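By convention in this document, chain letters (A, B, ...) are assigned in the order of the sequence lines, proteins followed by strands, and residues within each chain are numbered from 1. Keep in mind the model is a prediction, meaning the values are calculated, not measured.
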Number of protein chains: 2
Amino acid sequence: MKNFTVRAGLPDPVLERLARLYTILSRLEGSGGPRPFSSKAVGELLAVPGHTIRKDLSLLKTFLQAEQEADPDRAADSDQGYDAARLRSLIGRGLGLEKVRPVALVGLGRLGSAILHKKREWTDLRYPIAAAFDASINRIELTRTEVPLFHSREIVRVTREKGILVGILAVPAEAAREVAERLVEGGARALVNFTPVLIAPAGKGVVVRNVSLTGELDIISGYLDREGV
Amino acid sequence: MKNFTVRAGLPDPVLERLARLYTILSRLEGSGGPRPFSSKAVGELLAVPGHTIRKDLSLLKTFLQAEQEADPDRAADSDQGYDAARLRSLIGRGLGLEKVRPVALVGLGRLGSAILHKKREWTDLRYPIAAAFDASINRIELTRTEVPLFHSREIVRVTREKGILVGILAVPAEAAREVAERLVEGGARALVNFTPVLIAPAGKGVVVRNVSLTGELDIISGYLDREGV
DNA sequence: CCCGAACCGTGAAATTTTTCACAATTCATG
DNA sequence: CATGAATTGTGAAAAATTTCACGGTTCGGG
(Lines give C-alpha, C1' and ligand atoms only; values in the text may rest on other atoms or scores of the structure.)
Protein backbone atom coordinates (compact mmCIF):
# COMPACT_ATOMS: atom_id res chain seq x y z
CA MET A 1 0.00 0.00 0.00
CA LYS A 2 2.91 2.29 0.61
CA ASN A 3 5.34 0.21 -1.30
CA PHE A 4 6.09 2.69 -4.01
CA THR A 5 8.91 3.93 -1.81
CA VAL A 6 11.78 3.33 -4.14
CA ARG A 7 14.26 3.44 -1.29
CA ALA A 8 15.85 6.53 -2.71
CA GLY A 9 18.81 6.23 -0.42
CA LEU A 10 20.52 4.65 2.53
CA PRO A 11 18.59 2.81 5.25
CA ASP A 12 17.70 4.90 8.29
CA PRO A 13 20.07 3.32 10.79
CA VAL A 14 22.96 3.61 8.38
CA LEU A 15 22.16 7.23 7.66
CA GLU A 16 21.98 8.07 11.33
CA ARG A 17 25.23 6.36 12.20
CA LEU A 18 27.03 8.08 9.39
CA ALA A 19 25.61 11.47 10.29
CA ARG A 20 26.73 11.01 13.88
CA LEU A 21 30.12 9.97 12.67
CA TYR A 22 30.32 13.10 10.58
CA THR A 23 29.53 15.23 13.61
CA ILE A 24 32.29 13.57 15.55
CA LEU A 25 34.83 13.73 12.78
CA SER A 26 34.10 17.43 12.31
CA ARG A 27 35.01 18.01 15.90
CA LEU A 28 38.19 15.98 15.62
CA GLU A 29 39.40 18.22 12.81
CA GLY A 30 43.10 18.65 13.24
CA SER A 31 43.31 17.27 16.72
CA GLY A 32 44.55 14.15 15.02
CA GLY A 33 43.38 11.06 16.73
CA PRO A 34 44.76 7.64 15.94
CA ARG A 35 46.56 8.00 12.67
CA PRO A 36 45.60 5.22 10.44
CA PHE A 37 41.98 4.95 11.51
CA SER A 38 41.05 1.31 11.46
CA SER A 39 37.39 0.39 11.17
CA LYS A 40 37.66 -0.79 14.74
CA ALA A 41 38.97 2.57 15.93
CA VAL A 42 36.24 4.41 14.08
CA GLY A 43 33.73 2.05 15.59
CA GLU A 44 34.86 2.88 19.09
CA LEU A 45 34.22 6.52 18.37
CA LEU A 46 30.63 5.52 17.89
CA ALA A 47 30.35 2.54 20.19
CA VAL A 48 29.62 0.07 17.42
CA PRO A 49 31.67 -2.89 16.21
CA GLY A 50 34.09 -2.49 13.32
CA HIS A 51 32.14 -4.53 10.84
CA THR A 52 29.21 -2.19 11.15
CA ILE A 53 31.42 0.67 10.06
CA ARG A 54 32.80 -1.27 7.16
CA LYS A 55 29.35 -2.28 6.04
CA ASP A 56 27.96 1.22 6.36
CA LEU A 57 30.79 2.67 4.35
CA SER A 58 30.41 -0.05 1.80
CA LEU A 59 26.77 0.92 1.33
CA LEU A 60 27.66 4.57 1.22
CA LYS A 61 30.20 4.04 -1.52
CA THR A 62 27.85 1.91 -3.55
CA PHE A 63 25.25 4.58 -3.23
CA LEU A 64 27.61 7.37 -4.21
CA GLN A 65 28.72 5.52 -7.29
CA ALA A 66 25.15 4.84 -8.32
CA GLU A 67 24.45 8.54 -7.91
CA GLN A 68 27.04 9.24 -10.58
CA GLU A 69 30.17 11.11 -9.65
CA ALA A 70 33.24 9.06 -10.18
CA ASP A 71 35.27 9.06 -7.03
CA PRO A 72 37.78 11.93 -7.26
CA ASP A 73 40.54 9.95 -5.67
CA ARG A 74 39.87 6.31 -6.30
CA ALA A 75 43.26 5.64 -4.84
CA ALA A 76 44.56 3.25 -2.26
CA ASP A 77 41.91 2.43 0.27
CA SER A 78 41.67 -1.20 0.99
CA ASP A 79 44.39 -1.65 3.48
CA GLN A 80 45.62 0.49 6.28
CA GLY A 81 42.57 2.18 7.71
CA TYR A 82 40.77 5.35 6.86
CA ASP A 83 41.94 8.92 6.76
CA ALA A 84 39.81 11.09 9.01
CA ALA A 85 39.61 14.05 6.67
CA ARG A 86 38.79 12.04 3.59
CA LEU A 87 36.28 9.97 5.48
CA ARG A 88 34.52 13.08 6.67
CA SER A 89 34.39 14.49 3.19
CA LEU A 90 33.07 11.21 1.81
CA ILE A 91 30.22 11.15 4.29
CA GLY A 92 29.59 14.83 3.79
CA ARG A 93 29.13 14.36 0.08
CA GLY A 94 27.11 11.21 0.44
CA LEU A 95 24.61 12.63 2.91
CA GLY A 96 24.58 16.17 1.65
CA LEU A 97 25.99 17.52 4.88
CA GLU A 98 28.11 20.12 3.21
CA LYS A 99 25.12 22.28 2.49
CA VAL A 100 24.63 25.31 4.69
CA ARG A 101 21.16 25.20 6.20
CA PRO A 102 19.98 28.30 7.99
CA VAL A 103 17.74 27.55 10.96
CA ALA A 104 15.00 29.32 12.86
CA LEU A 105 15.09 29.27 16.65
CA VAL A 106 11.79 29.70 18.44
CA GLY A 107 11.72 30.47 22.15
CA LEU A 108 14.24 32.59 24.02
CA GLY A 109 13.82 31.26 27.53
CA ARG A 110 16.77 29.73 29.30
CA LEU A 111 17.18 26.91 26.84
CA GLY A 112 16.63 29.10 23.82
CA SER A 113 19.19 31.61 25.05
CA ALA A 114 21.66 28.84 25.64
CA ILE A 115 21.28 27.79 22.03
CA LEU A 116 21.37 31.34 20.75
CA HIS A 117 24.59 32.16 22.55
CA LYS A 118 26.28 28.85 22.17
CA LYS A 119 30.00 29.26 22.01
CA ARG A 120 31.62 29.36 18.64
CA GLU A 121 33.29 26.03 19.22
CA TRP A 122 30.14 24.05 19.48
CA THR A 123 28.37 26.26 17.06
CA ASP A 124 28.45 24.97 13.61
CA LEU A 125 28.92 27.19 10.63
CA ARG A 126 26.69 24.90 8.68
CA TYR A 127 23.60 25.79 10.70
CA PRO A 128 23.56 29.54 11.20
CA ILE A 129 20.63 30.89 13.14
CA ALA A 130 18.98 33.09 10.55
CA ALA A 131 16.15 34.25 12.78
CA ALA A 132 14.96 33.82 16.35
CA PHE A 133 11.46 34.29 17.74
CA ASP A 134 9.77 34.79 21.07
CA ALA A 135 6.26 35.58 22.22
CA SER A 136 7.46 38.22 24.65
CA ILE A 137 8.33 41.61 23.23
CA ASN A 138 10.03 42.40 26.46
CA ARG A 139 12.40 39.51 26.11
CA ILE A 140 13.10 40.35 22.52
CA GLU A 141 14.16 43.83 23.48
CA LEU A 142 16.34 42.67 26.31
CA THR A 143 18.21 40.07 24.32
CA ARG A 144 21.54 41.17 22.95
CA THR A 145 22.61 39.37 19.84
CA GLU A 146 23.49 39.75 16.21
CA VAL A 147 20.78 37.36 15.22
CA PRO A 148 17.66 39.11 13.94
CA LEU A 149 14.82 38.74 16.44
CA PHE A 150 11.10 38.70 15.75
CA HIS A 151 7.82 38.28 17.51
CA SER A 152 6.35 34.81 17.25
CA ARG A 153 3.52 36.30 15.28
CA GLU A 154 5.90 36.65 12.37
CA ILE A 155 7.09 33.09 12.17
CA VAL A 156 5.28 32.22 8.98
CA ARG A 157 6.29 35.33 7.11
CA VAL A 158 9.94 35.39 8.11
CA THR A 159 10.45 31.69 7.69
CA ARG A 160 9.07 31.87 4.22
CA GLU A 161 10.96 34.99 3.21
CA LYS A 162 14.29 33.64 4.35
CA GLY A 163 13.69 30.23 2.88
CA ILE A 164 14.38 28.54 6.20
CA LEU A 165 13.91 24.80 6.14
CA VAL A 166 14.86 23.85 9.68
CA GLY A 167 13.25 24.96 12.93
CA ILE A 168 14.34 24.54 16.53
CA LEU A 169 11.61 24.48 19.16
CA ALA A 170 12.65 25.74 22.59
CA VAL A 171 9.28 26.96 23.77
CA PRO A 172 7.09 25.96 26.71
CA ALA A 173 5.13 22.78 26.19
CA GLU A 174 1.81 24.54 25.67
CA ALA A 175 3.08 26.41 22.66
CA ALA A 176 4.82 23.52 20.94
CA ARG A 177 2.03 22.28 18.74
CA GLU A 178 1.15 25.69 17.37
CA VAL A 179 4.69 26.84 16.76
CA ALA A 180 5.40 23.63 14.91
CA GLU A 181 2.44 24.24 12.66
CA ARG A 182 3.47 27.77 11.89
CA LEU A 183 6.99 26.76 11.03
CA VAL A 184 5.72 24.14 8.66
CA GLU A 185 3.28 26.59 7.19
CA GLY A 186 6.21 28.90 6.57
CA GLY A 187 7.94 26.17 4.62
CA ALA A 188 10.06 24.36 7.19
CA ARG A 189 10.70 20.74 6.34
CA ALA A 190 12.42 19.65 9.54
CA LEU A 191 12.18 20.33 13.26
CA VAL A 192 14.31 19.74 16.31
CA ASN A 193 11.89 19.67 19.18
CA PHE A 194 13.19 20.25 22.71
CA THR A 195 9.69 20.27 24.09
CA PRO A 196 8.46 17.27 26.06
CA VAL A 197 5.42 17.27 23.81
CA LEU A 198 6.05 14.86 21.02
CA ILE A 199 5.48 16.44 17.67
CA ALA A 200 4.22 13.99 15.15
CA PRO A 201 5.23 14.66 11.59
CA ALA A 202 2.62 17.30 10.98
CA GLY A 203 2.25 17.17 7.27
CA LYS A 204 4.01 14.19 5.81
CA GLY A 205 7.45 14.82 4.58
CA VAL A 206 8.43 16.75 7.68
CA VAL A 207 11.38 15.32 9.55
CA VAL A 208 11.19 15.63 13.31
CA ARG A 209 13.73 14.90 16.03
CA ASN A 210 12.24 14.91 19.48
CA VAL A 211 14.63 15.56 22.33
CA SER A 212 13.54 15.94 25.90
CA LEU A 213 15.47 15.51 29.09
CA THR A 214 12.63 13.73 30.80
CA GLY A 215 12.22 11.48 27.82
CA GLU A 216 15.88 10.54 27.89
CA LEU A 217 15.75 9.94 31.61
CA ASP A 218 12.78 7.65 31.26
CA ILE A 219 14.56 5.65 28.60
CA ILE A 220 17.66 5.45 30.76
CA SER A 221 15.64 4.40 33.73
CA GLY A 222 14.04 1.67 31.69
CA TYR A 223 17.44 0.31 30.65
CA LEU A 224 18.73 0.44 34.20
CA ASP A 225 15.73 -1.44 35.45
CA ARG A 226 16.15 -4.06 32.77
CA GLU A 227 19.68 -4.58 34.00
CA GLY A 228 18.36 -5.04 37.48
CA VAL A 229 19.64 -1.74 38.85
CA MET B 1 30.80 -14.95 21.62
CA LYS B 2 28.62 -12.53 23.53
CA ASN B 3 25.59 -14.70 23.30
CA PHE B 4 25.19 -15.37 26.99
CA THR B 5 22.88 -12.39 27.06
CA VAL B 6 19.77 -14.07 28.31
CA ARG B 7 17.60 -11.27 26.99
CA ALA B 8 16.49 -10.43 30.48
CA GLY B 9 13.78 -8.18 29.20
CA LEU B 10 12.12 -6.37 26.36
CA PRO B 11 13.88 -5.62 23.07
CA ASP B 12 15.52 -2.22 22.85
CA PRO B 13 13.15 -0.59 20.36
CA VAL B 14 10.15 -1.75 22.33
CA LEU B 15 11.60 -0.47 25.57
CA GLU B 16 12.35 2.91 24.05
CA ARG B 17 8.93 3.33 22.53
CA LEU B 18 7.23 2.41 25.76
CA ALA B 19 9.42 4.74 27.79
CA ARG B 20 8.61 7.58 25.43
CA LEU B 21 4.97 6.76 25.66
CA TYR B 22 5.22 6.89 29.43
CA THR B 23 6.75 10.34 29.26
CA ILE B 24 3.94 11.54 27.09
CA LEU B 25 1.20 9.94 29.13
CA SER B 26 2.63 11.49 32.30
CA ARG B 27 2.23 14.87 30.72
CA LEU B 28 -1.31 14.17 29.62
CA GLU B 29 -2.30 13.43 33.20
CA GLY B 30 -5.78 14.77 33.70
CA SER B 31 -5.87 16.84 30.54
CA GLY B 32 -7.93 14.01 29.19
CA GLY B 33 -7.23 13.41 25.57
CA PRO B 34 -9.38 11.16 23.42
CA ARG B 35 -11.42 9.11 25.82
CA PRO B 36 -11.35 5.59 24.78
CA PHE B 37 -7.74 5.52 23.60
CA SER B 38 -7.60 3.25 20.61
CA SER B 39 -4.27 1.74 19.66
CA LYS B 40 -4.39 3.97 16.64
CA ALA B 41 -4.83 7.08 18.77
CA VAL B 42 -1.98 6.06 21.04
CA GLY B 43 0.10 5.40 17.99
CA GLU B 44 -0.45 8.89 16.71
CA LEU B 45 0.87 10.24 19.97
CA LEU B 46 4.10 8.53 19.07
CA ALA B 47 4.01 8.63 15.30
CA VAL B 48 3.88 4.89 14.87
CA PRO B 49 1.13 2.69 13.44
CA GLY B 50 -1.43 1.14 15.74
CA HIS B 51 -0.27 -2.42 15.37
CA THR B 52 3.11 -1.47 16.73
CA ILE B 53 1.46 -0.27 19.90
CA ARG B 54 -0.61 -3.39 20.21
CA LYS B 55 2.41 -5.58 19.69
CA ASP B 56 4.54 -3.64 22.15
CA LEU B 57 1.88 -3.85 24.82
CA SER B 58 1.41 -7.49 24.10
CA LEU B 59 5.10 -8.09 24.73
CA LEU B 60 5.00 -5.95 27.84
CA LYS B 61 2.13 -7.90 29.31
CA THR B 62 3.73 -11.22 28.53
CA PHE B 63 6.86 -10.00 30.20
CA LEU B 64 5.06 -8.73 33.27
CA GLN B 65 3.25 -12.00 33.72
CA ALA B 66 6.45 -13.97 33.38
CA GLU B 67 7.96 -11.71 36.02
CA GLN B 68 5.32 -12.92 38.46
CA GLU B 69 2.79 -10.44 39.74
CA ALA B 70 -0.69 -11.40 38.73
CA ASP B 71 -2.33 -8.45 37.08
CA PRO B 72 -4.21 -6.51 39.78
CA ASP B 73 -7.11 -5.76 37.55
CA ARG B 74 -7.32 -8.40 34.93
CA ALA B 75 -10.62 -6.87 33.91
CA ALA B 76 -12.11 -5.92 30.61
CA ASP B 77 -9.44 -4.84 28.18
CA SER B 78 -9.88 -6.36 24.82
CA ASP B 79 -12.39 -4.07 23.33
CA GLN B 80 -12.81 -0.37 23.56
CA GLY B 81 -9.34 1.09 23.71
CA TYR B 82 -6.99 1.78 26.54
CA ASP B 83 -7.37 3.93 29.60
CA ALA B 84 -4.59 6.49 29.78
CA ALA B 85 -4.03 6.23 33.51
CA ARG B 86 -3.99 2.47 33.63
CA LEU B 87 -1.79 2.30 30.58
CA ARG B 88 0.71 4.62 32.18
CA SER B 89 0.75 2.59 35.34
CA LEU B 90 1.21 -0.61 33.39
CA ILE B 91 4.23 0.73 31.57
CA GLY B 92 5.56 2.26 34.76
CA ARG B 93 5.52 -1.07 36.50
CA GLY B 94 6.86 -2.98 33.56
CA LEU B 95 9.84 -0.73 32.95
CA GLY B 96 10.49 0.25 36.54
CA LEU B 97 9.76 3.89 35.85
CA GLU B 98 8.07 4.47 39.15
CA LYS B 99 11.36 4.46 40.99
CA VAL B 100 12.70 7.82 42.06
CA ARG B 101 16.19 8.26 40.70
CA PRO B 102 18.18 11.19 42.00
CA VAL B 103 20.51 12.66 39.40
CA ALA B 104 23.74 14.63 39.39
CA LEU B 105 24.05 17.63 37.14
CA VAL B 106 27.53 18.63 36.05
CA GLY B 107 28.15 22.03 34.48
CA LEU B 108 26.33 25.23 35.32
CA GLY B 109 26.83 27.19 32.15
CA ARG B 110 23.82 28.36 30.21
CA LEU B 111 22.57 24.91 29.43
CA GLY B 112 23.26 23.59 32.91
CA SER B 113 21.41 26.51 34.46
CA ALA B 114 18.48 25.94 32.17
CA ILE B 115 18.26 22.39 33.44
CA LEU B 116 18.80 23.38 37.04
CA HIS B 117 16.01 25.94 36.97
CA LYS B 118 13.64 24.10 34.75
CA LYS B 119 10.10 24.97 35.58
CA ARG B 120 8.18 22.67 37.80
CA GLU B 121 5.97 21.59 34.94
CA TRP B 122 8.67 20.07 32.89
CA THR B 123 10.58 19.05 35.93
CA ASP B 124 9.86 15.56 36.94
CA LEU B 125 9.55 14.53 40.52
CA ARG B 126 11.01 11.22 39.62
CA TYR B 127 14.41 12.69 38.78
CA PRO B 128 15.30 15.19 41.48
CA ILE B 129 18.64 16.90 41.10
CA ALA B 130 20.42 15.72 44.21
CA ALA B 131 23.66 17.57 43.51
CA ALA B 132 25.09 19.94 40.94
CA PHE B 133 28.72 20.59 40.11
CA ASP B 134 30.82 23.18 38.36
CA ALA B 135 34.51 23.83 37.93
CA SER B 136 34.16 27.53 38.75
CA ILE B 137 33.86 28.47 42.40
CA ASN B 138 32.69 31.85 41.28
CA ARG B 139 29.76 30.43 39.45
CA ILE B 140 28.88 28.18 42.33
CA GLU B 141 28.69 31.14 44.67
CA LEU B 142 26.60 33.18 42.28
CA THR B 143 24.04 30.51 41.59
CA ARG B 144 20.88 30.72 43.63
CA THR B 145 19.15 27.44 44.14
CA GLU B 146 18.01 24.93 46.70
CA VAL B 147 20.05 22.22 45.04
CA PRO B 148 23.31 21.54 46.87
CA LEU B 149 26.25 22.75 44.80
CA PHE B 150 29.79 21.42 44.78
CA HIS B 151 33.07 21.92 43.05
CA SER B 152 33.73 19.43 40.27
CA ARG B 153 36.60 18.12 42.32
CA GLU B 154 34.07 16.47 44.58
CA ILE B 155 32.14 14.55 41.96
CA VAL B 156 33.40 11.15 42.96
CA ARG B 157 32.85 11.60 46.67
CA VAL B 158 29.42 13.20 46.52
CA THR B 159 28.10 10.88 43.85
CA ARG B 160 29.13 7.92 45.91
CA GLU B 161 27.84 9.27 49.20
CA LYS B 162 24.44 10.11 47.81
CA GLY B 163 24.16 6.89 45.88
CA ILE B 164 23.49 8.73 42.65
CA LEU B 165 23.16 6.48 39.65
CA VAL B 166 22.40 8.97 36.88
CA GLY B 167 24.55 11.87 35.69
CA ILE B 168 23.78 14.72 33.33
CA LEU B 169 26.70 16.24 31.43
CA ALA B 170 26.30 19.88 30.53
CA VAL B 171 29.96 20.83 30.45
CA PRO B 172 32.19 22.15 27.67
CA ALA B 173 33.36 19.53 25.23
CA GLU B 174 36.91 19.43 26.58
CA ALA B 175 35.75 18.34 29.99
CA ALA B 176 33.28 15.70 28.88
CA ARG B 177 35.51 12.66 28.90
CA GLU B 178 36.93 13.32 32.33
CA VAL B 179 33.66 14.21 34.00
CA ALA B 180 32.11 11.07 32.61
CA GLU B 181 34.88 8.99 34.10
CA ARG B 182 34.53 10.59 37.49
CA LEU B 183 30.80 10.05 37.58
CA VAL B 184 31.24 6.41 36.73
CA GLU B 185 33.98 6.12 39.31
CA GLY B 186 31.55 7.53 41.82
CA GLY B 187 29.09 4.79 41.00
CA ALA B 188 26.92 6.27 38.25
CA ARG B 189 25.46 3.68 35.93
CA ALA B 190 23.89 5.99 33.36
CA LEU B 191 24.66 9.30 31.67
CA VAL B 192 22.78 11.83 29.63
CA ASN B 193 25.40 13.59 27.59
CA PHE B 194 24.65 17.00 26.10
CA THR B 195 28.20 17.38 24.93
CA PRO B 196 28.97 17.02 21.24
CA VAL B 197 31.70 14.58 22.25
CA LEU B 198 30.29 11.12 22.03
CA ILE B 199 30.82 9.21 25.22
CA ALA B 200 31.28 5.54 24.60
CA PRO B 201 30.03 3.29 27.35
CA ALA B 202 33.06 3.78 29.54
CA GLY B 203 33.02 0.68 31.62
CA LYS B 204 30.55 -1.82 30.29
CA GLY B 205 27.18 -1.73 31.87
CA VAL B 206 26.97 2.04 31.70
CA VAL B 207 23.99 3.34 29.77
CA VAL B 208 24.63 6.48 27.76
CA ARG B 209 22.30 8.76 25.85
CA ASN B 210 24.10 11.21 23.66
CA VAL B 211 22.23 14.33 22.75
CA SER B 212 23.75 17.17 20.81
CA LEU B 213 22.12 19.86 18.78
CA THR B 214 24.70 19.62 16.05
CA GLY B 215 24.29 15.88 15.97
CA GLU B 216 20.55 16.17 15.56
CA LEU B 217 20.95 18.78 12.87
CA ASP B 218 23.34 16.59 10.93
CA ILE B 219 20.90 13.71 11.09
CA ILE B 220 18.08 15.97 9.99
CA SER B 221 20.12 17.34 7.18
CA GLY B 222 20.88 13.82 6.04
CA TYR B 223 17.21 12.95 5.91
CA LEU B 224 16.36 16.13 4.06
CA ASP B 225 19.02 15.45 1.49
CA ARG B 226 17.77 11.91 1.01
CA GLU B 227 14.37 13.36 0.25
CA GLY B 228 15.92 15.59 -2.32
CA VAL B 229 15.52 18.83 -0.35
C1' DC C 1 -31.94 -10.50 22.10
C1' DC C 2 -29.48 -10.35 18.06
C1' DC C 3 -26.49 -7.63 14.64
C1' DG C 4 -22.85 -4.99 13.17
C1' DA C 5 -19.11 -2.10 14.09
C1' DA C 6 -14.93 -1.23 16.57
C1' DC C 7 -11.01 -2.82 18.61
C1' DC C 8 -7.54 -5.71 21.07
C1' DG C 9 -4.18 -9.62 21.35
C1' DT C 10 -1.04 -12.48 19.08
C1' DG C 11 1.11 -16.24 16.15
C1' DA C 12 3.11 -16.26 11.82
C1' DA C 13 4.96 -14.02 7.63
C1' DA C 14 7.66 -10.39 5.67
C1' DT C 15 11.12 -7.13 5.91
C1' DT C 16 15.04 -4.88 7.65
C1' DT C 17 19.33 -4.74 9.97
C1' DT C 18 23.26 -6.83 11.88
C1' DT C 19 26.74 -10.14 11.95
C1' DC C 20 29.83 -13.29 9.88
C1' DA C 21 33.53 -15.04 7.20
C1' DC C 22 36.82 -14.79 3.88
C1' DA C 23 39.19 -13.31 -0.51
C1' DA C 24 41.98 -9.49 -1.78
C1' DT C 25 45.17 -5.90 -0.83
C1' DT C 26 48.85 -3.33 1.33
C1' DC C 27 52.86 -2.52 4.05
C1' DA C 28 56.83 -3.19 6.99
C1' DT C 29 60.68 -5.98 7.65
C1' DG C 30 64.51 -8.91 7.37
C1' DC D 1 61.66 -9.79 -2.76
C1' DA D 2 59.22 -13.01 -0.16
C1' DT D 3 56.67 -13.45 4.17
C1' DG D 4 53.43 -12.35 7.67
C1' DA D 5 50.43 -9.37 10.02
C1' DA D 6 46.77 -6.20 9.59
C1' DT D 7 42.84 -4.40 7.45
C1' DT D 8 39.22 -3.44 3.98
C1' DG D 9 35.05 -4.65 1.17
C1' DT D 10 31.14 -7.46 0.50
C1' DG D 11 27.96 -11.48 -0.57
C1' DA D 12 25.55 -14.48 2.20
C1' DA D 13 23.72 -16.18 6.66
C1' DA D 14 21.65 -15.00 10.94
C1' DA D 15 19.05 -12.28 13.97
C1' DA D 16 15.97 -8.76 15.12
C1' DT D 17 12.05 -6.00 14.21
C1' DT D 18 7.96 -4.72 11.96
C1' DT D 19 3.86 -5.78 9.61
C1' DC D 20 -0.02 -8.59 8.66
C1' DA D 21 -4.28 -10.91 9.33
C1' DC D 22 -7.69 -12.81 11.80
C1' DG D 23 -10.09 -14.96 16.01
C1' DG D 24 -12.38 -13.26 19.96
C1' DT D 25 -14.63 -9.79 22.79
C1' DT D 26 -17.38 -5.81 23.93
C1' DC D 27 -20.84 -2.39 23.18
C1' DG D 28 -24.74 0.32 21.30
C1' DG D 29 -28.99 0.01 18.78
C1' DG D 30 -33.03 -1.49 16.83
Given [options], the nucleotide with the shortest approach to the side chain of [X]:
{"X": "A/Pro11", "options": "C/dT19, D/dT18, C/dT17", "answer": "C/dT17"}
{"X": "A/Thr52", "options": "C/dT19, C/dA21, D/dT17", "answer": "C/dT19"}
{"X": "B/Ser38", "options": "D/dT7, C/dA21, C/dC7", "answer": "C/dC7"}
{"X": "A/Lys61", "options": "D/dC22, D/dG9, D/dC20", "answer": "D/dG9"}
{"X": "A/Arg17", "options": "D/dT8, C/dT18, C/dC8", "answer": "C/dT18"}
{"X": "A/Pro13", "options": "D/dT19, D/dA21, C/dT18", "answer": "C/dT18"}

Between [atom2] on [N] and [atom1] on [X], what's the gap in Å once rounded to a whole number?
{"X": "A/Asp12", "N": "C/dT15", "atom1": "CG", "atom2": "C1'", "result": "13 Å"}
{"X": "A/Gln80", "N": "D/dT7", "atom1": "CD", "atom2": "P", "result": "6 Å"}
{"X": "B/Ile53", "N": "D/dC20", "atom1": "CD1", "atom2": "P", "result": "15 Å"}
{"X": "A/Phe63", "N": "D/dG9", "atom1": "CZ", "atom2": "P", "result": "18 Å"}
{"X": "B/Leu59", "N": "C/dG11", "atom1": "CG", "atom2": "C1'", "result": "12 Å"}
{"X": "B/Asp56", "N": "D/dT18", "atom1": "CG", "atom2": "C1'", "result": "10 Å"}
{"X": "A/His51", "N": "D/dG9", "atom1": "NE2", "atom2": "P", "result": "15 Å"}
{"X": "A/Arg54", "N": "C/dA23", "atom1": "CZ", "atom2": "P", "result": "15 Å"}

Before accepting this row, confirm whether a basic side-chain N of the pair [X]/[Y] lies closer than 4.0 Å to the acidic partner's carboxylate O.
{"X": "A/Glu178", "Y": "A/Arg182", "result": "yes"}
{"X": "B/Glu98", "Y": "B/Arg88", "result": "no"}
{"X": "B/Asp218", "Y": "A/Arg209", "result": "no"}

### Message
With a 3.5 Å distance limit and no angle check, can you tell me whether B/Lys162 reaches the backbone of B/Ala130 through a side-chain donor-acceptor pair?
### Response
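Confirmed, B/Lys162 side chain pairs with B/Ala130 backbone.
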### Task
Please answer whether the main-chain N or O of A/Glu185 pairs with a side-chain N or O of A/Arg160 as donor and acceptor at a distance below 3.5 Å.
yes
### Phosphate contact (C/dC7 OP1 or OP2) by B/Ser39 side-chain N/O below 4.0 Å
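Result: no.
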### Message
For a quick test of reading the model: is some side-chain N or O of B/Tyr82 closer than 4.0 Å to OP1 or OP2 of C/dA6?
### Response
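For C/dA6, neither OP1 nor OP2 has a side-chain N or O of B/Tyr82 closer than 4.0 Å.
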### Query
Just checking B/Ser58: base, sugar-phosphate only, or nothing, at a heavy-atom cut-off of under 4.0 Å?
base
### Task
Could you tell me whether A/Lys55 contacts a base, only the sugar-phosphate backbone, or nothing, with contacts defined as non-hydrogen atoms closer than 4.0 Å?
base
